[in-house]
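Down below is the structure, laid out as structure tokens.
FYI, side chains are in, hydrogens and waters are out, and symmetry mates aren't considered; it's all heavy atoms of this structure. The sequence lines fix the lettering, A, B, ..., with proteins before strands; numbering per chain opens at 1.
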Amino acid sequence: MNSTTRVRFAPSPTGALHIGGAHTALFNWLWARRNGGAFVLRIEDTDLVRSTSEYERTILQGLNWLGLDWDEGPDVGGSHGPYRQSERRGIYLEHAMRLVESGQAYREGEAVIFSVPQDKMVAFDDVVYGHIEMASETLKDIVLIKSDGFPTYNYAVVVDDHSMEISHVIRGEDHISNTPKQILLYEALGWEVPTFAHLPMILGRDKKKLSKRHGATSVYEYRDMGYHPDALFNYFALLGWNPGDDREIFTREEAVGMFDLARVTKKAAVFDMDKLNFVNQAHITKMPPLERARHTIPFWKEAGLRPEERSEEWLGGVLDLLEGRGQTFRELAEYTDYFLSFEPVKLRYSASDLDEEHRETLKKFFSTMLAIPSWLPEQLEVTAKSWCDANGVKLKDVAMPLRWALTGRKVSPGIFHVAVFLGREEVRKRLSYYGLVQESV
RNA sequence: GGUCCCAUCGUCUAGUGGUCUAGGACACAGCCCUUUCAAGGCUGCGACACGGGUUCGAACCCCGUUGGGACCGCCA
């Protein structure tokens, strides 16, 4: 336990929360929680034209959805505020003027610019990348305050991280080359330099920086595709980090218990949907039926079905039948649509593949089946098998037509379980619709 | 172009000089199970980028090459 650990996630509200940002936020959160420290949320809205409060709101909601809570931030306040850079202009100006007075910065137009000292080797020890150094003469002078009176990123980040007492600056590897500039500013201001830990980048399948071309990039798109936040959290944690043993499926709490910045890897990682799907499936499988049902409801509705007409227990029972089938809530809804309504079945299947002879055989079997005393999966299967033996047909020859008539698909869970869940009358109704029930019965 | 970073199976990774004929997971293929498809179980395919050193010994250390990436904005 180290109560002095203070980390921050500092998004700029110029777009939705996307994968890279969520990944960075996640690692900061993990480190804060692991050490019993504080996770601070700061909004870097110094780009007047691109920042909007609408984006700020979606980013906060996105973090919330992922289960990342913060201890200080623009909405919850805290002792180191304000937490929006646009509200901290006085602080930036004050320190910039100090540098002008000491001759370390100069004015040009309305702007304040820092003169980079020459012949200086700037070095730091990154927690993940190790020792890094850069000669100061490769750096150009640094703009501190723009002509519009707002601070630039490299300057504001230093003032804020210092005044918010940030102990560890955990951010993407793309900031490594900004770090020497910031260190020069810490030194000029006479401030202690925090510990830096840069995180590997996340790339698309083609190993290029993740962009729209690679498909979904915002966390909300993943929610809408049917991923569970716990699974996305789990998958993100695995990108650039591993617990050191073979554990790959874990909860947030377990991740907090195992996390260590020292185990973060250096190589950029490719975002792999196949693995995400696997992780999501694993989380769905472990989930209690009722919770699974609650997460699937929006997708049933989206498919035009009416889950609100059923109890959560019934819906959970439907999903239980899937036994591991489906990798997203969207697929869960899709794979079970025929339980909620006969309509999608009619749209998919017409029974035109059955010739008269085949129909007659099926009618005989179905009438035997519908007359079975106890309507249970095992009974249906035993009856079907013995009927097939007696009539010289294979079980699949009756099971597949039954599957088509009940589900409108060629794949489904065990069809006798489906039949039992649907109920004898509903099964009779569907078979009858396809003309597979003997009129006389 | 300058500076910086990275480099183990297709992908995520384990590995910090000998226990590595390199381990796990995803994906893929096959088998088992089986009324279909999954799930589950088993098996298989598959990598230390290359070249020099250092060392008794290198995936691990050093140098170079090549290949990726990032930054070089009064964007963040």
Distance, rounded to the nearest Å, where A:I142 contributes CD1 and B:U3 contributes C1': 14 Å
Interatomic distance, A:R263 CZ vs B:U13 P [rounded to whole Å]: 12 Å
Whole-Å gap separating P (B:G69) and NZ (A:K207): 10 Å
A:T24 side chain vs A:R171 backbone, donor-acceptor pair below 3.5 Å: no
Atom-pair distance (CD1 on A:I176; P on B:A70), nearest Å: 13 Å
Nucleotide nearest A:E381 when distance is taken to its side chain, options B:A38, B:U35, B:A7: B:U35
More than 12 heavy atoms of other groups within 6.0 Å of A:E357 CD: no
Pairwise 5' ranking along RNA chain B for A:T46 and A:V128, keeping only the more 5' one: A:V128
Sugar-phosphate, base or nothing in reach of A:M201, heavy atoms under 4.0 Å: nothing
Lys/Arg N to Asp/Glu carboxylate O, A:D389 vs A:K394, below 4.0 Å: no
d(CZ, A:F278; P, B:U11) in whole Å: 19 Å
Among B:C74, B:U35, B:C71, the one nearest A:S177 by side-chain distance: B:C71
Whole-Å gap separating P (B:A59) and NZ (A:K266): 19 Å
Value in whole Å for how far the P atom of B:U11 lies from CG of A:L276: 17 Å
C1' spacing across the pair B:A14 / B:A47, given as an integer number of angstrom: 13 Å
Whether A:W241 and A:F259 hold their rings parallel, tilted or perpendicular, with breakpoints at 30° and 60°: tilted
Comparing A:E248 and A:H131 on RNA chain B - which has the more 5′ nearest nucleotide: A:H131
